[in-house]
Amino acid sequence: MTDPRIVPPAPSSSSEDIVVLVVDDEPETAASHAKYVNRVPGFATGAIASNGQEALSLLTRARNSGAAFDLVLLDMTLPDLHGIDVAKRMRGLGLTTDIIAITAVRDLAVVRSAVATGITQYLIKPFTFAAFSEKLENHRRFISTMRSTGPDTSQAALDNAFSAPRTSTASASLPKGLIPETLAQISEHLARQAERCFSATELGEELGISRVTARRYLEHLFETRAVLKQPRHGTRGRPEYEYRAAPRS
């Protein structure tokens, strides 16, 4: 009987593809991520796991059969184990499969813990296919560079390989005048007070930036669906809008 968790290969897949295990407890989200994987040339979804124990079982079975997964897309919030615990248990079992973490959590302490377990890249929900594919392409460059260095490598070759996962087109994709660091600061501030609505003036005062600057970043976050926007009732004169972090999925 075919294991229902194993995903049939995409028509365009080949033996050279990077085979991915998708781990997420939400069936629709897992299916969406699996489709995303198959849309990126050179990648193929090998299986889907709905919890941490299932992921560890699939990884172990795949390794023992000689057909190990190449990459894990690991949700951090699972019903049985935290994603960081899954990563730790993987390493304890000798499973060295690369991991990209997927989460709605923006807690820096969690990110640091994830990095300490060998998670090399992070995807914050909600994200676009462009952001998703960028992470996979970064991973592909890392693997390709490592393979091309040969048994004896140089400092320059290693530096080039390890810079690949950190390469980002975020700065280039941002509207002119927006800075990634400021965008991250504003996103984190909104996420920490997810139930609160901010006007551009209020956000600017709390972060020490001008109202105009705050509004530009808020509008960008609204356009990328990271925040919700609505008119603030009871204000006189020119309509004022308020923003709050979009619900985590």
Side-chain angles (χ1 to χ4, degrees), residues 29 33 36 73-77 82-84 100-117 119-139 141 159 162-249:
T29 301
H33 292 169
Y36 270 13
L73 293 181
L74 180 61
D75 184 51
M76 290 286 99
T77 309
H82 192 279
I84 291 175
I100 296 178
I102 296 181
T103 183
V105 177
R106 293 171 170 82
D107 189 333
L108 184 57
V110 174
V111 175
R112 286 173 174 165
S113 296
V115 172
T117 64
I119 293 173
T120 57
Q121 297 194 81
Y122 232 88
L123 265 169
I124 302 293
K125 299 178 183 178
F127 51 79
T128 63
F129 173 71
F132 182 93
S133 62
E134 178 188 329
K135 296 296 183 184
L136 265 61
E137 291 293 350
N138 288 346
H139 180 74
R141 283 196 294 272
D159 290 344
F162 281 98
S163 69
R166 296 190 294 272
T167 301
S168 173
T169 59
S171 298
S173 63
L174 285 177
K176 185 177 180 180
L178 300 193
I179 303 171
E181 291 77 10
T182 303
L183 182 63
Q185 180 189 22
I186 291 173
S187 299
E188 291 169 7
H189 191 74
L190 294 172
R192 284 196 298 270
Q193 304 180 65
E195 301 305 316
R196 182 182 166 193
C197 293
F198 292 84
S199 68
T201 300
E202 292 164 345
L203 184 67
E205 289 175 350
E206 293 187 19
L207 296 181
I209 58 179
S210 72
R211 179 189 64 81
V212 173
T213 298
R215 184 177 180 279
R216 289 193 64 203
Y217 283 94
L218 287 167
E219 284 296 316
H220 172 71
L221 289 169
F222 172 67
E223 291 171 2
T224 57
R225 300 182 181 180
V227 303
L228 303 178
K229 172 185 174 182
Q230 64 186 27
R232 174 166 286 184
H233 300 292
T235 57
R236 295 181 179 179
R238 186 174 58 183
E240 185 176 15
Y241 290 93
E242 59 184 18
Y243 309 77
R244 67 181 177 88
R248 294 174 178 176
S249 59

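Side chain of Gln121 to main chain of Lys135: a donor-acceptor pair is present (N/O by atom type, distance under 3.5 Å, no hydrogens or angles). With Tyr243 contributing its side chain and Glu219 its backbone, the two residues share no donor-acceptor pair below 3.5 Å.
Between the CZ atom of Arg211 and the OG1 atom of Thr201 there is a distance of 5.5 Å, given to the nearest 0.5 Å. Within the model, atoms CD of Glu202 and CZ of Arg196 stand 6.0 Å from one another, a figure rounded to the nearest 0.5 Å. In this structure, CD on Glu137 lies 9.5 Å from CD on Glu134, to the nearest 0.5 angstrom. Considering CD of Glu223 and NZ of Lys229, their distance stands at 8.5 Å, rounded to 0.5 Å. Here CD of Glu242 is found 11.0 Å from CZ of Phe198. Values are rounded to the nearest 0.5 Å. Here Leu123 contributes atom CG and Leu74 contributes atom CG; the two are 12.0 Å apart, rounded to the nearest 0.5 Å.
Listed here is the closest heavy atom pair of Ala200 and Ala214: O-CB, 3.4 Å. In this structure, Thr213 and Ile209 approach most closely via the heavy-atom pair CG2-CD1, 4.3 Å. Between His33 and Phe132, the shortest heavy-atom distance links the atoms O-CZ, 3.9 Å. For the pair Cys197 and Gln230, the tightest heavy-atom approach, listed with the atom from each and the gap, is SG-NE2, 4.3 Å. Summarising the geometry of Val227 relative to Leu218, their closest heavy-atom pair is CG2-O, 3.7 Å, with the distance given to 0.1 Å.
Side-chain contact between Tyr122 and Met76: present, with at least one pair of heavy atoms (C-beta onward) separated by less than 4.5 Å. In this structure, the side chains of Leu183 and Leu178 stay at 4.5 Å or more apart for every pair of heavy atoms. Contact of the Thr103 side chain with the Ile124 side chain is registered, since non-hydrogen atoms from C-beta on lie closer than 4.5 Å. Leu207 places none of its side-chain heavy atoms less than 4.5 Å from the side chain of Thr182.
Within 6.0 Å of the CZ atom in Arg225, the count of heavy atoms belonging to other residues, nucleotides or ligands does not exceed 12.
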Check step by step if side chain to side chain contact (heavy atoms under 4.5 Å, CB included) holds for Leu221 and Leu190. CA-CA 11 Å; Leu221 289 169; Leu190 294 172; 4.0 Å; yes
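We find that Glu206 and Arg192 are not joined by a salt bridge, their nearest charged nitrogen and carboxylate oxygen being 4.0 Å or further apart.
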